[in-house]
Amino acid sequence: MTPRRARGRLTSTHRPLSVAIVAPPWYEVPPKGYGGIEAICAGLADGLVDLGAEVTVIAAGGNGTTATLLSTFDEPQYTRLGDTMTDAVHAAALPRMLAELGVDIVHDHSLLGPLVAATRDVPTVVTAHGPVTGELGRYYRDLGSMVHVVAISQAQRNWAPNLNWAGVVHNAIDVADFPFEEKKSGFALFLGRTSPDKGILHAVQAAKSAGIELVIAAKSNEASERAYFESAIEPLLCPQMHWVGEADASLKRELLKAARCLLFPICWEEPFGMVMIEALACGTPVVALGRGSVPEIIRDGKTGIVCRRPEELPDALHRVQDIQPADCRADALDRFDVSRMSSDYFDIYREIVEDGLHRSA
């Protein structure tokens, strides 16, 4: 058992900030393929280590980060994705693990983990990875002051201004891990889940109307995804439409760097779309519908084209060739690199911990 550390004021002349990052139990950190939240946790853990923090990741499976790992399951639980008992077992292990660690702050990215925040005397930060309306919004409201909520976009924060917000931090990636390509191929790319919310039908219809080849790389391993593919997508496939299924990390990068654009015709108020910043990192502009955080992430006319209606997408697929790949890459480095995200979260942690120490003094 690791002895619990005495807590003191955290300044440059004292010990490093100690952080526990709680990831969901579904995929490894970082994930081998799909797993956006786990990718964020991995990038954040490495970035915080680079900033001098002592970081422990609590997750499932093996360790792919420079931080210390504690596992609640020997293997990632993706075959049980969404199973309540799996999530509950993961959350139930947290009080014991965290009591032994004695960290300064906990950053919880899991769904049920925040429910045990009240069992410890250190603050908990929760990133709102999903919508903050409906039942999930009620969940965050009922957690109240037990947790400090961080929004992943200003748009998301605006939808629920009365939550216990600690700030806004855009999701990020290690931009250097994505290959930049100046010269693009002729195809447009849809990359995401096989879900009506992701706008895959809009993508197919826009590409057909524009006479442009479309590559569809979509996750389709859950029952609802398979059913939607068979009923709505498969009948539309033709020589102009190339279905490749779920793309692993390597194939995703090859497709993103080569595509003329990423087609992101989102059909809901998505708080953040990771695939958009991955495309920008590869120098690939984004053609999107302006819902959710899209206008906040894509600089219209500079790093992509933001459309108001699906009918505007075909024309945008042609005009997007005027966007300069170098501008996309530069914007990704400036706004969406993991170093910036880690620094922003580090500042939030410091502020919360220092405020708690001042109050207890």
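Owing to the predicted nature of the structure, the values given are computational and were not obtained by experimental measurement. Positions are given from 1 along the sequence.
Separation of atoms CG (Leu17) and CZ (Arg350) is listed at 5.5 Å; rounding is to 0.5 Å. To the nearest 0.5 Å, atoms CG (Asp347) and CG (Leu51) are separated by 9.0 Å. Rounding to the nearest 0.5 angstrom, the gap separating the CD1 atom in Ile277 from the CZ atom in Phe272 is 4.0 Å. Of the inter-residue distances, the one linking Leu256 atom CG with Cys282 atom SG reads 5.0 Å to the nearest 0.5 angstrom. Distance check: Thr56 OG1 to Leu48 CG gives 11.5 Å after rounding to the nearest 0.5 Å. Glu225 CD to Ser195 OG: the interatomic distance, rounded to the nearest 0.5 Å, is 7.5 Å.
In this structure, Asp331 and Arg299 approach most closely via the heavy-atom pair OD1-NE, 2.9 Å. Taking every heavy atom of both residues into account, Thr194 and Ser220 meet most closely at OG1-CB, 3.4 Å. Closest approach of Arg329 and Val175 over heavy atoms only: NH1-O, 3.4 Å. In terms of heavy atoms, Ala151 sits closest to Arg157 at CB-CB, 3.8 Å. Looking at every heavy atom in both residues, Glu38 comes nearest to Val29 through O-CG1, 3.8 Å. The two residues Arg193 and Ala218 come nearest to each other via the heavy atoms C-CB, 4.3 Å.
Residues Leu237 and Phe190 fall within the same hydrophobic cluster, defined by Ile, Leu, Val, Met, Phe, Trp and Tyr side chains chained together at heavy-atom separations under 4.5 Å. Cluster membership check: Val150 does not share its hydrophobic cluster with Trp159, using side-chain heavy-atom separations under 4.5 Å among Ile, Leu, Val, Met, Phe, Trp and Tyr. By the rule that hydrophobic residues join a cluster once side-chain heavy atoms approach within less than 4.5 Å of another member, Val287 and Leu201 end up as members of one cluster. Note on Leu214: it does not cluster hydrophobically with Phe264, by side-chain heavy-atom contacts below 4.5 Å among ILVMFWY residues. In the hydrophobic clustering of ILVMFWY residues, with side-chain heavy atoms under 4.5 Å counting as a link, Leu163 and Val147 come out together.
Under the 4.0 Å criterion applied to side-chain N and carboxylate O atoms, Arg138 and Asp142 are assigned as salt-bridge partners.
Checked by atom type and distance alone, the side chain of Trp165 pairs as donor or acceptor with a backbone atom of Ala160 at under 3.5 Å. In this structure, the side chain of Lys208 engages the main chain of Leu236 through a donor-acceptor pair within 3.5 Å. Arg340 places a side-chain N or O within donor-acceptor distance of the main-chain N or O of Asp334, the cut-off being under 3.5 Å. For Asn63 (side chain) and Ala67 (main-chain N/O), a donor-acceptor pair under 3.5 Å exists by modelled atom type. Of the possible polar contacts, one joining the Asp300 side chain to the Val306 backbone as a donor-acceptor pair under 3.5 Å is found. Formation of a donor-acceptor pair under 3.5 Å by the Ser185 side chain with backbone atoms of Phe187 is not found in this model. In this structure, the side chain of Gln77 engages the main chain of Glu75 through a donor-acceptor pair within 3.5 Å. Checking side-chain atoms of Glu181 against main-chain N and O of Lys183 turns up a donor-acceptor pair under 3.5 Å.
For the pair Ile21/Leu44, a side-chain contact is recorded, criterion being any heavy-atom separation below 4.5 Å from C-beta on. Residues His242 and Ile216 have side chains not in contact (no heavy-atom distance under 4.5 Å, counting atoms from C-beta outward).
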| message | What verdict does the salt bridge (charged side-chain N to carboxylate O under 4.0 Å, His left out) test give for Glu28 and Lys32, after you've listed the backbone C-alpha separation in whole Å, the side-chain angles of each residue and the deciding distance to 0.1 Å? | response | CA-CA 7 Å; Glu28 289 181 320; Lys32 291 183 172 63; 2.3 Å; yes
May I have the step-by-step check of salt bridge (charged side-chain N to carboxylate O under 4.0 Å, His left out) for Glu270 and Arg291, ending in yes or no?
-> CA-CA 7 Å; Glu270 184 163 6; Arg291 298 190 62 174; over 6 Å; no
Practice item. I would like to know whether Asp104 and Val19 meet side-chain contact (heavy atoms from CB on, under 4.5 Å); could you show each step before the answer? Key: CA-CA 6 Å; Asp104 298 303; Val19 183; over 6 Å; no
**Asked** Could you walk me through whether Asp315 and Arg319 pass the salt bridge (charged side-chain N to carboxylate O under 4.0 Å, His left out) check?
**Response** CA-CA 6 Å; Asp315 179 61; Arg319 292 192 293 116; 2.8 Å; yes
Apply side-chain contact (heavy atoms from CB on, under 4.5 Å) to Tyr228 and Ile200, showing your working.
-> CA-CA 10 Å; Tyr228 182 64; Ile200 189 169; 3.5 Å; yes
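With respect to Glu296, the side-chain hydrogen bond (donor to acceptor under 3.5 Å, both in side chains) criterion is satisfied by exactly one of His170, Gln156, Gln154: His170.
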Name the atoms and distances for all side-chain donor-acceptor pairs under 3.5 Å in residues 105-118, with sequence neighbours left out.
residue	atom	partner	partner atom	Å
His107	ND1	Tyr349	OH	2.5
His107	NE2	His109	NE2	3.2
His107	NE2	Thr127	OG1	2.7
Asp108	OD1	Ser110	N	2.8
Asp108	OD1	Ser110	OG	2.6
His109	ND1	His129	NE2	2.8
Ser110	OG	Gly113	N	3.1

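In this structure Arg308 satisfies the side-chain contact (heavy atoms from CB on, under 4.5 Å) test together with Glu312, sequence neighbours excluded. A search for ring-ring contact (aromatic ring centres under 6.0 Å, His included) contacts involving Tyr140 returns nothing, not counting sequence neighbours.
A donor-acceptor contact under 3.5 angstrom links the side chains of Thr66 and Asp46, judged on distance only. Counted by atom type alone, Ser339 and Asp337 present one or more donor-acceptor pairs between their side chains at under 3.5 Å. At a cut-off of 3.5 Å, with distance as the only test, no side-chain donor of Ser342 or Asp344 sits close to an acceptor on the other residue. The closest side-chain donor-acceptor pair between Arg80 and Thr86 falls under 3.5 angstrom. Lys257 and Thr284 form no side-chain donor-acceptor contact under 3.5 Å, judged by distance and modelled atom types alone.
Within a 6.0 Å sphere centred on CD of Glu182, other residues, nucleotides and ligands contribute more than 12 heavy atoms.
With Phe178 as the aromatic partner, Arg253 meets the cation-pi criteria of under 6.0 angstrom to the ring centre and within 45 degrees of the ring axis.
Ring orientation note: the planes of Phe229 and Trp243 are tilted relative to one another, at an angle of 30° to 60°.
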